[in-house]
*Asks:* 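There's a structure below that I have some questions on.
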Number of protein chains: 2
Amino acid sequence: MSMTKTGRTVKRRAGENDAAEAEPTPVHQDAKPPFDRIVEGDSIRVMASLPPESVDMIFADPPYNLQLQGDLHRPNHSKVDGVEEAWDKFADFASYDRFTADWLKAARRILKPDGTIWVIGSYHNIFRVGATLQDLGFWILNDVVWRKTNPMPNFRGRRFTNAHETMIWCAKDADARYCFNYEAMKSLNDDLQMRSDWLLPICNGGERLKDENGKKAHPTQKPEALLHRVILAATKPGAVVLDPFFGTGTTGVVAKRLGRHFIGIEREHSYVDVARKRLAKVRPVEDESLLATPSKREEPRIPFGWLVERGLLHPGTVLVSPNNQWTAKVRADGTVISADHRGSIHQVGAAVQGAPACNGWQFWCVPMEGKLVPIDFLRQRLRAELS
Amino acid sequence: MSMTKTGRTVKRRAGENDAAEAEPTPVHQDAKPPFDRIVEGDSIRVMASLPPESVDMIFADPPYNLQLQGDLHRPNHSKVDGVEEAWDKFADFASYDRFTADWLKAARRILKPDGTIWVIGSYHNIFRVGATLQDLGFWILNDVVWRKTNPMPNFRGRRFTNAHETMIWCAKDADARYCFNYEAMKSLNDDLQMRSDWLLPICNGGERLKDENGKKAHPTQKPEALLHRVILAATKPGAVVLDPFFGTGTTGVVAKRLGRHFIGIEREHSYVDVARKRLAKVRPVEDESLLATPSKREEPRIPFGWLVERGLLHPGTVLVSPNNQWTAKVRADGTVISADHRGSIHQVGAAVQGAPACNGWQFWCVPMEGKLVPIDFLRQRLRAELS
DNA sequence: CGAGACCGTGAATCACTAC
DNA sequence: GGTAGTGATTCACGGTCTC
């Protein structure tokens with residue numbers, strides 16, 4: 001069957017031939033790969049000029065094809081600074097797919113047989129990227145979700161806050177002997193297996209590169225912590241890491257710091273300029289273990305609504321105050337309603353008492369085995385399950 | 001160009017026609033949709049038998065075992081030699097894509113213009129599903145990550161623990177007026193916007209259905225909490241929710257409990273059997289008012305002039321901005337006039353501040369009992385009278 | 001100097017009705 | 001169908017300013 005490991009291998013060869021045929025003018029052919037350098041130029045052409053099977057890992061942050069329609073304003077009327085660069089404009093899905101297949105074929109040709117590729121994207125493009133990766137014979141190892149601690153909110157209240165991006169991690173074929181530093185990932189995660197969802201802040205503050213006017217140097221600069229985990233997970237020291245959409249060079253910075261080689265390809269001269277200066281300041285670390293900052297275990301906050309979702313309480317259940325003086329009914333959305341008030345357990349608790357504030361977790365009770373038990377008991381039970 | 005909202009609309013019509021043409025033998029044509037029932041049979045055929053534009057939401061958990069799907073939809077393939085095997089492998093992805101496109105087209109035909117569809121999957125199939133959804137003209141609203149609190153560990157230590165699944169939520173086109181119960185989701189999350197990453201345990205314990213031998217009734221039973229959030233987010237009470245791969249009926253159970261109608265389609269008799277028994281035990285929440293969260297957007301519109309007509313404000317009354325900086329006088333026709341501007345409360349509010357827009361209901365105040373109260377308070381009073 | 005208020009901002013496919 | 005008008009809508013941080 002085509003989903004077998006053998007099947008993948010056959011397909012891969014086909015993909016490589018295609019890429020080779022499409023190769024335009026060679027640039028570095030027969031030359032040594034341009035280690036630890038930025039090559040200014042078109043990704044596909046530059047990759048086509050590199051020796052086949054010469055890089056250990058590829059990290060790619062291609063244009064997302066965002067298709068933003070009009071301006072978006074915050075509630076305070078300020079305008080959201082969206083991605084308006086020409087490099088993110090594609091005529092339609094077909095041309096985006098063609099672009100994706102072209103650069104992925106070129107990437108596949110230069111990837112070592114046991115190398116891996118990471119591609120990051122959002123729902124605008126990631127499904128097309130993933131399907132193309134599979135079509136070209138790449139073997140998906142994981143899809144990894146980057147959960148942002150501080151995403152931009154949804155200002156109009158019409159969707160869920162878009163709080164994550166997706167990375168697809170692939171080996172070249174199903175039976176490739178790719179590199180995964182299991183132990184490093186485990187120790188980075190308090191000695192628990194690293195999961196496929198990573199919680200990391202977006203890049204801002206001092207790390208965010210800005211020009212002399214305070215304008216961001218690149219609209220989509222990735223945080224170094226993200227690349228740290230990627231490179232640490234999937235390469236050994238001394239490996240060659242290539243980034244075909246180098247931007248301001250985050251991949252190169254982290255690779256260099258971690259004792260890996262990098263190759264950066266970037267078309268925009270202004271980005272190349274920023275990346276060169278940035279890289280010049282980076283010094284590789286002597287002792288790698290110093291960088292293994294364990295991730296903090298998150299203690300999940302438990303919204304009251306989760307008790308309803310999870311069936312620990314049902315819509316219509318009556319909550320009672322400790323003295324039996326007040327009652328409130330549970331609603332499906334996790335609010336409660338008393339005779340005169342509707343809102344959160346805290347709001348309604350405060351309102352019925354005429355108090356300025358109230359801890360609804362302690363105030364509201366449910367009868368259990370003949371006694372009134374605060375709903376905090378249920379929260380504790382749920383927290384134990386969720387941790 | 002084809003990526004515009006208009007483009008989407010055109011594409012949608014095409015998709016519907018395709019589906020209509022592909023329709024096989026009608027089963028329930030011209031009949032009322034089989035509300036609150038399970039239909040035993042093939043998803044695509046059953047959906048083709050339903051009236052067009054008749055369901056409000058579709059939740060689908062399609063099979064992603066490409067090997068099993070392959071032989072269902074593959075065109076005739078009698079012999080394969082070594083070379084053709086590569087084609088065969090490719091044909092497998094292609095046949096899964098064909099299967100996906102077929103059921104999604106059938107789903108699209110029966111979905112109301114303002115309905116939405118949710119599809120859940122893992123990295124094995126979700127990229128192909130997402131690309132097909134886009135190709136058919138569906139407009140992605142969010143990709144939502146279900147983070148599992150208790151995923152299966154990775155035993156061989158060769159990858160990250162696969163700790164999540166992905167749901168894609170789509171409207172029928174870019175300019176559809178889909179349903180999103182923003183306030184309900186916000187309430188459910190302690191009054192913070194609901195994000196695109198959801199933390200929920202997998203289905204086990206008492207909720208997990210097992211046969212008399214303790215064997216799981218279904219390999220991938222979804223937790224009811226997941227469906228609770230999905231259905232509460234994207235439907236109103238009374239809506240029709242269809243699940244074309246019903247399994248043991250989690251979608252139906254939650255829909256019924258939350259006062260929505262369900263239609264379940266399932267091919268395997270054993271699953272239908274389990275689902276029927278399970279559904280018979282479910283009792284809907286009695287009080288419908290516990291199910292829906294009121295939203296400001298849906299409240300009846302009250303023109304400012306009505307306050308003047310009804311005597312809650314009089315011509316000549318002076319409105320004041322919260323900081324006492326600006327004033328405007330009420331006119332008999334429901335416009336207001338400041339030193340330099342005349343127009344609606346919104347227009348004058350914006351003009352005096354030099355802002356691009358202004359919500360006059362919140363901006364303008366009247367003194368009441370020594371304090372400045374926004375005129376929105378008067379609107380609420382009038383609304384109460386009129387309801 | 002520290003605490004707290006205030007402001008700016010991030011890969012964003014972000015209304016709806018009435019005329 | 002196009003245009004104009006109404007009016008609903010934000011979380012986590014980092015940096016700066018104020019007291």
Side-chain angles (χ1 to χ4, degrees), chain A residues 61-85 87-88 90 93 120-126 146 148-166 201-208 210 214-216 218-223 245 247, chain B residues 3-8 114 134 138-143 170-171 173-178 180 182-183 186 189-196 295-305 334-335 343-347 349-350 356-363 376 379:
Chain A
D61 183 11
Y64 285 10
N65 189 19
L66 284 185
Q67 307 164 55
L68 305 180
Q69 302 283 351
D71 288 347
L72 177 65
H73 293 91
R74 304 165 197 272
N76 65 6
H77 306 305
S78 67
K79 183 168 171 275
V80 173
D81 184 16
V83 178
E84 287 165 7
E85 275 73 3
W87 48 253
D88 198 45
F90 294 84
F93 281 130
I120 185 167
S122 66
Y123 67 84
H124 309 84
N125 70 324
I126 199 65
W146 167 29
K148 303 178 184 184
T149 55
N150 47 351
M152 193 185 300
N154 186 290
F155 295 117
R156 304 305 293 267
R158 300 298 299 148
R159 304 181 177 194
F160 300 101
T161 302
N162 192 4
H164 73 277
E165 294 188 28
T166 302
I202 61 175
C203 178
N204 55 16
E207 190 186 325
R208 188 84 196 213
K210 300 193 171 150
K215 192 174 159 285
K216 46 189 176 185
H218 192 283
T220 70
Q221 186 183 339
K222 294 290 173 287
F245 307 99
Chain B
M3 309 303 289
T4 61
K5 298 194 162 198
T6 312
R8 292 276 76 73
D114 294 339
Q134 291 180 310
F138 287 102
W139 189 248
I140 300 180
L141 298 169
N142 281 111
D143 58 332
C170 297
D173 341 274
D175 38 18
R177 299 199 204 157
Y178 58 91
F180 177 55
Y182 175 75
E183 296 78 10
K186 198 169 169 177
N189 195 38
D190 272 356
D191 281 330
L192 289 178
Q193 287 190 338
M194 186 71 80
R195 297 167 40 115
S196 57
S295 92
K296 286 192 188 174
R297 281 186 174 91
E298 284 157 17
E299 284 184 283
R301 201 174 140 261
I302 308 273
F304 175 71
T335 59
S344 72
I345 49 172
H346 314 295
Q347 289 166 339
C358 168
N359 182 340
W361 292 107
Q362 297 296 337
F363 181 71
D376 196 40
R379 178 170 65 160

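In what follows, chains carry the letters A, B, and so on, assigned in the order in which the sequence lines appear, proteins first and then strands, with residues in each chain numbered from 1.
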*Asks:* Within the 4.0 Å heavy-atom criterion, would you say A/R158 contacts the bases, only the backbone, or no part of the nucleic acid?
*Replies:* sugar-phosphate

*Asks:* Is there a donor and acceptor pair, one atom on the side chain of A/K222 and one on the base of C/dA11, closer than 3.5 Å?
*Replies:*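 By the distance-only test, yes, there is a pair.
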
*Asks:* Taking only the side-chain heavy atoms of A/N150 (C-beta and beyond), determine which of D/dT10, D/dA12, C/dT13 contains the nearest atom.
*Replies:*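 Looking only at side-chain atoms, A/N150 lies closest to D/dA12.
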
*Asks:* Below 4.0 angstrom from OP1 or OP2 of C/dA11, is there any side-chain N or O of A/R208?
*Replies:*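 Yes, within the criterion.
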
*Asks:* Base, sugar-phosphate or nothing for A/N154? Non-hydrogen atoms, less than 4.0 Å.
*Replies:* base

*Asks:* Is a donor-acceptor pair below 3.5 Å formed from side chain A/N204 to base D/dA12, judging by atom type as modelled?
*Replies:*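 When only heavy-atom distances are counted, A/N204 does not reach the base of D/dA12 through any donor-acceptor pair under 3.5 Å.
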
*Asks:* Check every strand shown and say whether B/K186 touches a base, only sugar-phosphate, or nothing at a heavy-atom separation below 4.0 Å.
*Replies:*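 Sugar-phosphate only.
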
*Asks:* Taking the same atom, P, in D/dA8 and in C/dT13, what whole-Å distance lies between them?
*Replies:* 23 Å

*Asks:* If you look at every strand shown and take non-hydrogen atoms under 4.0 Å, does A/D81 touch a base, only sugar-phosphate, or nothing?
*Replies:* sugar-phosphate

*Asks:* Evaluate whether the aromatic ring of A/Y123 and the six-membered ring of the C/dT13 base sit under 5.5 Å apart, centre to centre, with an inclination under 30°.
*Replies:*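 Whether judged by distance or by angle, A/Y123 falls short somewhere, so it does not stack on the base of C/dT13.
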
*Asks:* So which nucleotide from D/dT9, D/dG7, D/dC11 ends up closest to the side chain of B/L192?
*Replies:*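 Looking only at side-chain atoms, B/L192 lies closest to D/dC11.
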
*Asks:* From C-beta outward on B/S344, which listed nucleotide comes closest to its side chain: D/dT9, C/dA15, D/dT6?
*Replies:*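 Nearest nucleotide to the side chain: D/dT6.
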
*Asks:* Can you check whether A/N76 has a side-chain N or O nearer than 4.0 Å to OP1 or OP2 of D/dT9?
*Replies:* no

*Asks:* Between the side-chain atoms of A/R74 and the base atoms of C/dG10, is any donor-acceptor pair under 3.5 Å?
*Replies:* yes

*Asks:* Output yes when at least one side-chain N/O atom of B/N359 is less than 4.0 Å from OP1 or OP2 of D/dA8, else no.
*Replies:*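 Yes.
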
*Asks:* For A/P62, answer base if it contacts any base atom (sugar-phosphate contacts may also be present), sugar-phosphate if it contacts only those atoms, and nothing otherwise; contact means non-hydrogen atoms under 4.0 Å.
*Replies:* base

*Asks:* Does B/Q347 put a side-chain nitrogen or oxygen below 4.0 Å from OP1 or OP2 of D/dT6?
*Replies:* yes

*Asks:* Record whether the side chain of B/R297 comes under 3.5 Å of the base of D/dT9 through a donor-acceptor pair of N or O atoms.
*Replies:* no

*Asks:* Check every strand shown and say whether A/T220 touches a base, only sugar-phosphate, or nothing at a heavy-atom separation below 4.0 Å.
*Replies:* base

*Asks:* Heavy atoms only, 4.0 Å cut-off, all strands: where does A/G214 land among base, sugar-phosphate and nothing?
*Replies:* nothing

*Asks:* OP1 or OP2 of D/dT10 less than 4.0 angstrom from a side-chain nitrogen or oxygen of B/Y182, does that happen here?
*Replies:* yes

*Asks:* Can you check D/dT9 for me, syn or anti if syn means within 90° of 0?
*Replies:* anti

*Asks:* Within the structure shown, what part of the strands sits under 4.0 Å from A/G121 by heavy-atom distance: base, sugar-phosphate, or nothing?
*Replies:*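 The residue A/G121 makes no contact with any strand.
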
*Asks:* With C1' as the reference atom in both, quote the distance from D/dT10 to C/dT9 in angstrom, rounded to an integer.
*Replies:* 11 Å

*Asks:* Does the cation-pi check pass for A/R158 over B/Y178, that is, NZ or CZ under 6.0 Å from the six-membered ring centre and within 45° of its axis?
*Replies:*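 Because its charged atom sits under 6.0 Å from the ring centre and within 45° of the axis, A/R158 does stack over B/Y178.
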
*Asks:* With sugar-phosphate meaning primed atoms plus P, OP1 and OP2, does A/P201 contact a base, only sugar-phosphate, or nothing at under 4.0 Å between heavy atoms?
*Replies:* nothing

*Asks:* Determine: side-chain N/O of A/R156 to OP1/OP2 of C/dT13, distance under 4.0 Å, yes or no.
*Replies:*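 It does not, given that no N or O in the side chain of A/R156 lies less than 4.0 Å from OP1 or OP2 of C/dT13.
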
*Asks:* Mind running side-chain contact (heavy atoms from CB on, under 4.5 Å) on A/E165 and A/K222 for me, showing each step along the way?
*Replies:* CA-CA 11 Å; A/E165 294 188 28; A/K222 294 290 173 287; 3.9 Å; yes

*Asks:* Indicate, yes or no, whether a donor-acceptor pair under 3.5 Å links the base of C/dT13 to the side chain of B/W139.
*Replies:*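 In this structure, the two groups form a donor-acceptor pair.
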
*Asks:* Would you mind telling me which of C/dA11, C/dT17, C/dG10 lies closest to the side-chain atoms of A/P153?
*Replies:*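 Nearest listed nucleotide: C/dG10.
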
*Asks:* Compare the minimum distances between each of D/dA8, D/dC11, C/dT13 and the side chain of B/R379, then state the nucleotide with the smallest one.
*Replies:* D/dA8

*Asks:* Any chance the side chains of B/H346 and B/S344 put a donor and an acceptor closer than 3.5 Å?
*Replies:*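 Short answer, no.
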
*Asks:* From D/dT9, C/dG10, C/dA11, pick the nucleotide closest to the side chain of B/E183?
*Replies:* D/dT9

